[in-house]
Structures are given as C-alpha cells and as structure tokens.
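Atoms considered below: every heavy atom in the structure, side chains included; atoms not considered: hydrogens, waters and symmetry mates.
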Amino acid sequence: MKINIFLLLMSVLMISCDQESDKKVTAPEDYNEYLAVKESRTTSPYFELWNSKITKDSLELPSFAAVAGQYNTFFESTGDIAYLKKAEQSLLKAVEIANIDKDKYYRSLSRNYISQHRFKEARIYADSAAMLGKDLTVNQHLLFDVHMELGNYKKVDSLQKLFADPYDFNYMIRAAKWNDFEGDLDRTIMFMEKARDKAEESKNRSLLLWVYSNLGDYYGHAGRIEDSYDHYLKTLEIDPSNSYAKKGIAWIVFSHENNETEALRIIDSILESHSTPDLYLLKAEIAEHSDDNELYESSLSKYKNLTQKPAYGEMYNAYNLKVFLGEKGKEIDALDLARKEVANRETPETYQLLALAHLKNGNKKEALKIVKDKVEGKTYEPEAQLALANIYKANNLTSEAKKIKKELLEARFELGPVTYKEVMDL
C-alpha cells in the first residue's frame, strides 16, 4: 500500500496546530499576587490639597481641573460611576469660569462624555475646543475619537490624513483603531507594536498601561493567546490593581482554557475593590456555560440592579440590549432600546443590534433590509457577523449564512464558548 507522504505531513501539522491552539498559557502563580491587591484609590494628598480650595462660590480654576483629574483616577480604580459624574461637575464649573485655556477644559469635558457614551454632547465640546483655534493636532485627535464613536467614518478618514505622522504615538494608536475598523488585524497590530515601542522609549506609565492592555486585546483577536496573556501581565507589573488586565486574564482562562472555576475566582477578586456591571454579566456568561442556574440568575440580577442607577445613563445600552434579546417578553423593550442606541450613534454595531431586535419581534424582512444597508461589508466584528448569519438564515439565505459560519469557526476565543455554540447551531 502506497502512503501519501504529503497528506501524512499535513495531518501531523494540523494536529500540531490544534494542540498549540489548545495549549494552556496561564498559571495562577503568575498573577496571584495581583489578585491579592484589594485597595482602591479614592483619595490622595494631591486631591485633598486642591479639593480644600473649592468653596461654594469658588472661582479657583486650577482646583476644578485638578480635582476632575483625580476623580477620573478614582473612577478607573473603583469603577464607581459617581466619581465620573463628579469629574463632569468639576469640568462644567471649569468651563463656566475659564477665561484662558478654555479649550483644554472643553476637551476634558468631551472625553468625560465619551466615557459616559454621551457622544453627541462630546462632539459639541470637541467642536467648541476646535473653534478656539489652539492646539490644532490635539483637537484633531479628539475629533477623530468622537467621530469614530458616532460612526462618521468619512470624517474620521479625512481627519486621520490631516495629522498623519508615522513617528507620533497618538497617530499610531488611531491608525491602529482605523485599521481594526477596516478589518486589517495585521496592520492594526503592527501600529500598536510601534506605539508600544514608542511608549517603552518614553517610559511613560500611563502610555505603557494603555498600550499593553490594548495589545492584550488585539493579540487575543489574532489568536495569539500567549502574547495576549504576557501583555496583561506586563500591565499588572506596572499597575497591580488594573482590573482591565485581570478581566482579560479571566477571559483567557474561561474562553481558551475552559476553566470556569478559576475564571470566577479572578473575577470575584476584582469585584472586591472594583465593581462594574460588565463583570457581573461575564459571571452570568460563565455560569450559563457551566449550567449553574443559581449563579446565572444572581449575577444577572446584580447586573440589572447596578445598571438601573440613573448615573449610568446610556453607558450600558448595548449590554442591556443583548440581555433583552435573550429574554422572553422583552421583545418590544429591545426594539425601543435599539432605536435609542442608533439615535445615539449610527454605527454598524448599533444597526446590527437594531436588526436583531426586529428579528426578535418577527420582522425578519426589515432585519434583512437593515443589515444589507448598514452592516454587510461595513464591519468585521464577529458578533456583527453572527447577527448577519442569523438574519440570513431566518430569511432562507442558507448559503450566505453558511459562508459566515465557516469564517466564524475561527473566532472561538473572541466569541467565547456560549456564543460559539450559537455559531455551531447555524
């Protein structure tokens, strides 16, 4: 009997690749010391100094700016939305009383509104800063960020060309974001790695934290799980309390290594000092995968209780929509919220949620029209592609749905085991 050496070699290679993709990359001893960090920063001598200068009728401009910056730090540390709202109030006061450098306070307020997902208001203050005609490039960077959130991609592209500088960190990270939007992950990572090198040269702590944690995400999207893990650990070496990096490691443990118990241990350690609704939603997802109905219900209940706080405003619309889409009796609520989110920002991602809400309400033709007009060929995000596939399937466009399914089979890590099951069921 003849043996086809080529096929044999290919089989060995495929087995090797499968083993590599399933390889365990995490080890608790790498990150246990960071899970033990329980303290959250909610004050500092710097904050106390400047806050003490603010009185009821204060016109102490530097105090408002300094205090707002500290509130942002406390928000990042604790996840408590109250600090972000306090930063907003300080910046509003700064904008009101500033006679010089007003553009700086406009930009800070705009960024605060981006964090709150109040994108149209963010644009108003970004435009106000630009109209003052100072710090042109800084204003262009901000306008790029705002228009990217709003889905004004032609404007984004034109802005990017205005401040293009291959040696500038701020250009590199925005070029990465633009290439990610266009679906070119290799170029996205290339720009991010250049930004990382730049940040390492400068030894700037905040830049290093930002670029390491975001590279962790991009490496994960590319299936480079070990690189992703290493960059989350690099983030924690600089900031042992960094919840974003810990959550990234929890996702690797859950989605790549199928270790629900360890993933939950990491998340629970974060929640001891940093409480945000998305962490409870992740706990619910893990519980769903492990068929722990009690944990699923309690985690979802905690998520809902948190997001009902008026201070959150529009921040969790997309998350709430996904919850509604998975619950019976919430069909109309989902559609109403989807329309509200599209009004807030018209992006392919919000339109795919609107299309899914229509599908949930039995409007499969309307759902198809929306994705054909607003989603197809306009985003490469796996969740949006899954929405396309489900809507195609509902409209008996079987071959189109199967084509997307084939592509999504490569996105298991990014989608996670619960959503990946939906892909398998297509």
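Tyr232 is not listed as a side-chain neighbour of Tyr34, based on a closest heavy-atom distance of 4.5 Å or more. Between Asp127 and Ile124 there is no side-chain heavy-atom pair separated by less than 4.5 Å. Taking 4.5 Å as the limit, every side-chain heavy atom of Glu272 sits out of range of all side-chain heavy atoms of Asp268. Side-chain contact between Glu285 and Phe254 is present, with at least one heavy-atom pair separated by less than 4.5 Å. In this structure, Tyr171 and Gln160 have side chains that are in contact, with non-hydrogen atoms separated by less than 4.5 Å. Annotation: side chain of Asn317 is not in contact with side chain of Thr350 (no heavy-atom distance under 4.5 Å). The closest side-chain heavy-atom distance from Asp291 to Tyr296 is not below 4.5 Å. Within the 4.5 Å cutoff, no side-chain heavy atoms of Tyr125 are placed close to those of Arg107.
With hydrogens and angles disregarded, no donor-acceptor distance shorter than 3.5 Å links the side chain of Lys86 to the backbone of Ile81. A donor-acceptor pair under 3.5 Å is formed between the side chain of Ser255 and the backbone N or O of Phe413. Panel note: side chain Ser298, backbone Glu294; a donor-acceptor pair is recorded below 3.5 Å. No donor-acceptor distance shorter than 3.5 angstrom exists from the side chain of Asp157 to the backbone of Tyr153, with no hydrogens or angles considered. In this structure, the side chain of Ser290 engages the main chain of Ala287 through a donor-acceptor pair within 3.5 Å. In terms of modelled atom types and a separation under 3.5 Å, the side chain of Ser110 and the main chain of Tyr106 share no donor-acceptor contact. Within the 3.5 Å criterion, the main-chain N or O of Asn363 finds no donor-acceptor partner in the side chain of Asn361. Counting only distance, with no hydrogens or angles, the side chain of Arg174 and the backbone of His141 share a donor-acceptor pair below 3.5 Å. Between the side chain of Lys198 and the backbone N or O of Lys194 there is no donor-acceptor pair closer than 3.5 Å. Proximity of a side-chain donor or acceptor of Lys120 to a complementary backbone N or O of Ala343 within less than 3.5 Å is detected.
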Where do Tyr380 and Gln385 land on the side chain to side chain donor-acceptor pair (under 3.5 Å) test, with the steps shown first? CA-CA 7 Å; Tyr380 301 91; Gln385 295 303 305; over 6 Å; no
Could you go through Asp278 and Lys247, starting from their C-alpha distance and side-chain angles, then the distance that decides it, and tell me whether this counts as salt bridge (charged side-chain N to carboxylate O under 4.0 Å, His left out)? CA-CA 10 Å; Asp278 55 286; Lys247 184 182 176 185; 2.6 Å; yes
Trace of the side chain to side chain donor-acceptor pair (under 3.5 Å) decision for Glu88 with Tyr113: CA-CA 8 Å; Glu88 176 195 350; Tyr113 285 145; 3.0 Å; yes
Given side chain to side chain donor-acceptor pair (under 3.5 Å), test Arg196 with Asn214 step by step and report yes or no. CA-CA 10 Å; Arg196 176 194 59 197; Asn214 278 274; over 6 Å; no
Thr379 vs Gln352, test: side chain to side chain donor-acceptor pair (under 3.5 Å). Steps then yes/no. CA-CA 10 Å; Thr379 178; Gln352 63 97 3; over 6 Å; no
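Taken from OG1 in Thr26 to CD in Glu257, the straight-line distance is 3.5 Å, to the nearest 0.5 Å. One finds the CG atom of Leu215 at 9.0 Å from the CG atom of Asp227 (value rounded to the nearest 0.5 Å). The line from CE of Met315 to OG of Ser115 is 7.0 Å long, rounded to the nearest 0.5 Å. Of the inter-residue distances, the one linking Met148 atom CE with Leu143 atom CG reads 14.0 Å to the nearest 0.5 angstrom. Atom NZ in Lys374 sits 10.5 Å away from atom CG in Leu354 (nearest 0.5 Å).
With sequence neighbours excluded, no residue satisfies side chain to side chain donor-acceptor pair (under 3.5 Å) with His117.
Gln116 and Asn112 share a donor-acceptor pair across their side chains, judged by distance under 3.5 Å alone. For the residue pair Thr137 and Asn139, no side-chain donor N or O sits within less than 3.5 Å of a side-chain acceptor on the partner. Inspection of the Ser241 and Asp239 side chains reveals an N or O donor paired with an N or O acceptor under 3.5 Å.
The environment of Lys360 atom NZ is dense: over 12 non-hydrogen atoms of other residues, nucleotides or ligands sit within 6.0 angstrom. No more than 12 heavy atoms of other residues, nucleotides or ligands sit less than 6.0 Å from atom NZ of Lys104. Annotation for Glu29: atom CD counts as buried by contact number, over 12 foreign heavy atoms lying within 6.0 Å. Summarising the local packing, NZ of Lys155 is surrounded by 12 or fewer heavy atoms from other residues, nucleotides or ligands at distances under 6.0 Å.
The two residues His274 and Phe75 come nearest to each other via the heavy atoms CE1-O, 4.3 Å. What you find for Pro348 and Lys378 is that their closest heavy atoms are CG-O, 3.5 Å. Pairing each heavy atom of Thr276 with each of Leu306, the nearest pair is C-CD1, 4.1 Å. When every heavy atom of Arg412 is checked against every heavy atom of Pro417, the shortest pair comes out as NH2-CB, 4.0 Å. Across all non-hydrogen atoms, the minimal contact from Ser299 to Ala284 is CB-N, 3.7 Å.
Using a cut-off of 4.0 Å between Lys/Arg side-chain N and Asp/Glu carboxylate O, Glu383 and Lys322 are scored as salt-bridged. For the pair Arg224 and Glu193, the salt-bridge criterion is met [side-chain N within less than 4.0 Å of a carboxylate O]. A salt bridge is defined here as a Lys NZ or Arg NE, NH1 or NH2 lying under 4.0 Å from an Asp or Glu carboxylate O, and Glu400 with Lys403 fails to meet this definition. A salt bridge is defined here as a Lys NZ or Arg NE, NH1 or NH2 lying under 4.0 Å from an Asp or Glu carboxylate O, and Lys340 with Glu314 meets this definition.
Put simply, the residue from Lys23, His231, Lys24 that forms a side chain to side chain donor-acceptor pair (under 3.5 Å) with Glu226 is Lys23. Leu325 pairs in a side chain to side chain contact (heavy atoms under 4.5 Å, CB included) with only one of the listed residues (Asn320, Leu359, Leu335, Leu356), which is Leu356.
Between Phe181 and Trp178, the ring-plane angle classifies as tilted under the 30° and 60° cut-offs. Taking the six-membered ring for Trp and thresholds of 30 and 60 degrees, Tyr312 and Tyr316 have ring planes more than 60 degrees apart, a perpendicular arrangement.
Ring pair Tyr83/Phe74: centre-to-centre distance below 6.0 Å.
Within the structure, salt bridge (charged side-chain N to carboxylate O under 4.0 Å, His left out) contacts touching residues 324-335 (residues at least two apart or in different chains) are Lys304-Glu327, Lys330-Asp333.
Stacking of Lys234 on the aromatic ring of Tyr212 is recorded, both the 6.0 Å distance cut-off and the 45° axial limit being met.
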